[in-house]
S.K.: 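Below is the structure I would like to discuss, written out as structure tokens.
Because the structure is a prediction, the values reported are computed rather than measured. For the numbers below, each heavy atom of this structure counts, side chains included, while hydrogens, waters and symmetry mates do not.
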Number of protein chains: 4
Amino acid sequence: MESHATDECAGRVRDREATRQRILDSARELFTSEGYTQVSSRRIAAHAGVNVALINRYFGAKRGLLAEVVAEDAVFPGIFEGDPAVLPRRLAEHLVRRAHGQSTPLQRALEQSAGDPDLQAVFQERLTNAIIEPLERVLDGDDARVRATLAASMLIGMGMVRRVEGATAMVRHDPDDLIERIARVLGCCLEPAAG
Amino acid sequence: MESHATDECAGRVRDREATRQRILDSARELFTSEGYTQVSSRRIAAHAGVNVALINRYFGAKRGLLAEVVAEDAVFPGIFEGDPAVLPRRLAEHLVRRAHGQSTPLQRALEQSAGDPDLQAVFQERLTNAIIEPLERVLDGDDARVRATLAASMLIGMGMVRRVEGATAMVRHDPDDLIERIARVLGCCLEPAAG
Amino acid sequence: MESHATDECAGRVRDREATRQRILDSARELFTSEGYTQVSSRRIAAHAGVNVALINRYFGAKRGLLAEVVAEDAVFPGIFEGDPAVLPRRLAEHLVRRAHGQSTPLQRALEQSAGDPDLQAVFQERLTNAIIEPLERVLDGDDARVRATLAASMLIGMGMVRRVEGATAMVRHDPDDLIERIARVLGCCLEPAAG
Amino acid sequence: MESHATDECAGRVRDREATRQRILDSARELFTSEGYTQVSSRRIAAHAGVNVALINRYFGAKRGLLAEVVAEDAVFPGIFEGDPAVLPRRLAEHLVRRAHGQSTPLQRALEQSAGDPDLQAVFQERLTNAIIEPLERVLDGDDARVRATLAASMLIGMGMVRRVEGATAMVRHDPDDLIERIARVLGCCLEPAAG
DNA sequence: GATGAATGAGGCTTCATTCAT
DNA sequence: AATGAATGAAGCCTCATTCAT
């Protein structure tokens, strides 16, 4: 039993815009929490309390719904404003604090869409065994696990971004300089002490 | 339409191991280039030039095929051995040099599994518009684009890893220290000069 | 090749209940004449003149269809009411008169039971609820349950044998005499005391 | 892990007859305990420790294997000999005592897989040859065939009900009393005159 | 504007069987 | 005589979508 996105009386008036919005809200919520692929059109419709056909009517197709959800979402709301010098810290705080709550739809959907249940188990085990733990073993000092995990994040993230972005910045950049930069970042991930 | 994984005449001998391997090769190739979810059992079989039933016979289920593909792949072959001090650089070189070729199956499949074709276009545009370019605008100096992309990689990667790894290292770590570390890493990503 | 359950023109109206019923009718007919395992979802759908997906839509799964078919079938309609003293005769008449026609879906499916794990639960419950317990309620004295079970065995067994044996002894025998005999046997099953 | 039907050394000699027999033994055991439809050719072969293809080689098809299993099985071994007057009691004892153990392959397979088209012919012939006609031969008077058929119905029916109902009434009832009752019912089936 | 019935395509898996060794 | 690799057919189910109301 899904609960409706917004509480409205059963015999509500016919309001194109409101209906559209209710669908959008439901989609955002479900995509965010479970991923695009995992959520069927029917569930979105049921959650919104509307008919399935309306998704196609209003958004052309499921894909259109995603596009709209993603478009309206501010990934890092307000983070980019303010003193650039402390931008990294603002981002970090946002990430960590939010980590205990919810991601933004875009990120979440991106993350979640790797969510074929079949894949989860395989990846979890493999990510740990083939990347994080080997890294951890090489490291000295405290918190080797966290440091290894940070580096793993960078490694995975670069793959995703390179792929999604296609042949852009990173690919076109001078390889030697790129190596230099990445090495520095990874070194930073792996450094023992934070303070 | 699919070309066989290995070119051999149709009337080939019956060789369990060879057939198994051909299936494995086809799966790796297709998973790597299109993602687990996108590739059907039938296509893998067709690509390998064998009957679909053999996939289940030899690997139990499609999932088993993935497990094996992923298991046999050395994500960073040989990278973890050697002087830890230059580990970051070895990783970086591996990433960048390989960047012009192919990722490893694990990474690729992970990346690709976010690969519902529907999602690709949406994400590409959104990743650029909502993360990379805003970051870029805040930065001074040359190569702002590359620096922004590096930071975006870290942001995306952390989401993925946190999700796939479940409630592990990063989630259990002291938040304040975590923020400190991440901020430092992001700062490192965004730093203007490499040398 | 299949003839539709009900003859209606192809361009019929969209009526959920009617369609559901048409599927149910087709399933009953086919299950009854050929058995659950032998009849595929596709054939039921074809026979009903509808799309296969509707079976899952309306009944969850093939098994659900069987459950419903079995549930709505009154195995011995009205037989258990009336004077218990002549219950055996009423049953016998029902069996013999119907013997020239068809078994009920429950019996038929029970006979066919093929041990399909799907069926066990459905049958166990239905055999108890629709035959044994109604019989038990009508009986006086101790051991009503065992007596009812014996009678049920005879009822079920006659169905099986008639079916497997084809048009032989029982079918060719004089109906009135057959009724007489069966009534006596059932009476014997239901008799209170053994000694 | 299936255990082999007979213990033989791994490097056994090639012996057509022995192999055939081992397959037959495995089939009987599995058909009897799980039913024809539920047991796959592969399992039989594995259980016998031989190659699947041999089933087809020696028995033409799975069905042929069943036919042979059923043919060699004496449904009520020795029961039909002896004083006809106490035949019902002998049958009843056989049924009840065996109820705590195993049915014969024929009955078991019949109970479990009545609907499989493969089985119809086999069963029809076997039911007639192994139960009805032996019974008929023992009986005097008119209508021996019908009386035998009634008794056969009871025998078959009890097997089905016991199986479907699980460990209920009949199994829990006092065996001696149960034998008494069943003997009486069977005697009633076999009685010459209806009026 | 909204509904919901109906569709068609496609996915994974299982099985008895045949073919080449 | 025996093997085991390989096949083709079929089964159930799920989904996004379209059509008629």
S.K.: Output the rounded distance in Å from CD1 (I44(A)) to P (dC15(F)).
M.R.: 12 Å

S.K.: For a quick test of reading the model, state the closest non-hydrogen atom pair linking A48(B) to R22(B) and the distance between them.
M.R.: O-NE, 2.9 Å

S.K.: Can you identify which nucleotide, out of dA6(E), dG4(E), dT7(E), has its nearest atom closest to the A53(A) side chain?
M.R.: dG4(E)

S.K.: Would you call E34(C) and R43(C) a side-chain contact if the rule is heavy atoms closer than 4.5 Å?
M.R.: yes

S.K.: State whether the side chain of R42(B) and the backbone N or O of V52(B) hold a donor-acceptor pair below 3.5 Å, judged by distance alone.
M.R.: no

S.K.: At under 4.0 Å between heavy atoms, what does V52(D) touch on the DNA or RNA strands: base, sugar-phosphate, or nothing?
M.R.: base

S.K.: Of the nucleotides dT17(E), dA1(F), dC12(E), which has the atom closest to the R16(D) side chain?
M.R.: dA1(F)

S.K.: For Q21(D), what residues pass the side-chain contact (heavy atoms from CB on, under 4.5 Å) criterion, not counting sequence neighbours?
M.R.: L24(D), D25(D), R28(D)

S.K.: When you look for runs of 3 or more Watson-Crick or G-U pairs in a row, both distances below 3.5 Å, which of them include DNA chain F?
M.R.: E:2-21 with F:2-21

S.K.: Whole angstroms only, please: what is the CZ-C1' distance between R63(D) and dC15(E)?
M.R.: 18 Å

S.K.: So if I take every side-chain heavy atom of N51(A) and compare against dT17(E), dC12(F), dT3(E), which nucleotide ends up nearest?
M.R.: dT3(E)

S.K.: Output the distance between atom CG (L30(D)) and atom CG (L65(D)), rounded to the nearest 0.5 Å.
M.R.: 10.0 Å

S.K.: Could you give the CD-to-C1' distance, from Q38(C) to dA10(F), as a whole number of Å?
M.R.: 14 Å

S.K.: For I55(C) and dA6(E), give me the distance from atom CD1 to atom P, rounded to whole Å.
M.R.: 13 Å

S.K.: In whole Å, I'd like the distance from the CZ atom of R57(A) to the P atom of dA2(E).
M.R.: 8 Å

S.K.: Within the structure, does a side-chain N or O atom of S40(A) lie under 4.0 Å from either OP1 or OP2 of dC15(F)?
M.R.: no

S.K.: The side chain of S41(B) lies closest to which of these nucleotides: dC12(E), dT3(F), dA6(E)?
M.R.: dC12(E)

S.K.: Give one of base, sugar-phosphate or nothing for Y58(B), where a contact means two heavy atoms less than 4.0 Å apart.
M.R.: sugar-phosphate

S.K.: So which nucleotide from dT17(F), dT13(E), dC12(F) ends up closest to the side chain of R42(C)?
M.R.: dC12(F)

S.K.: Would you give me the side-chain donor-acceptor pairs under 3.5 Å for residues 55-64 of chain B, sequence neighbours excluded?
M.R.:
from   : atom 1 : to     : atom 2 : distance (Å)
K62(B) : NZ     : Y36(B) : O      : 3.0
K62(B) : NZ     : V39(B) : O      : 2.8

S.K.: Quick one: E34(C) CD to dG11(F) P, roughly how many Å, whole number?
M.R.: 12 Å

S.K.: Take the protein atom CD1 of I23(B) and the nucleotide atom P of dA5(F), then report the distance between them rounded to whole Å.
M.R.: 11 Å

S.K.: Which atom names give the shortest non-hydrogen contact between S26(A) and H47(A), and what distance separates them?
M.R.: OG-ND1, 2.9 Å

S.K.: Which of these nucleotides, dT13(E), dT7(E), dA16(E), is closest to any side-chain atom of L54(C)?
M.R.: dT7(E)

S.K.: Counting only side-chain nitrogens and oxygens, does T19(D) get under 4.0 Å of the OP1 or OP2 atom of dA1(F)?
M.R.: no

S.K.: How many Å lie between CG on N56(C) and P on dT7(E), as a whole number?
M.R.: 14 Å

S.K.: State, with a plain yes or no, whether a side-chain heavy atom of I44(D) is found less than 4.5 Å away from one of F31(D).
M.R.: yes

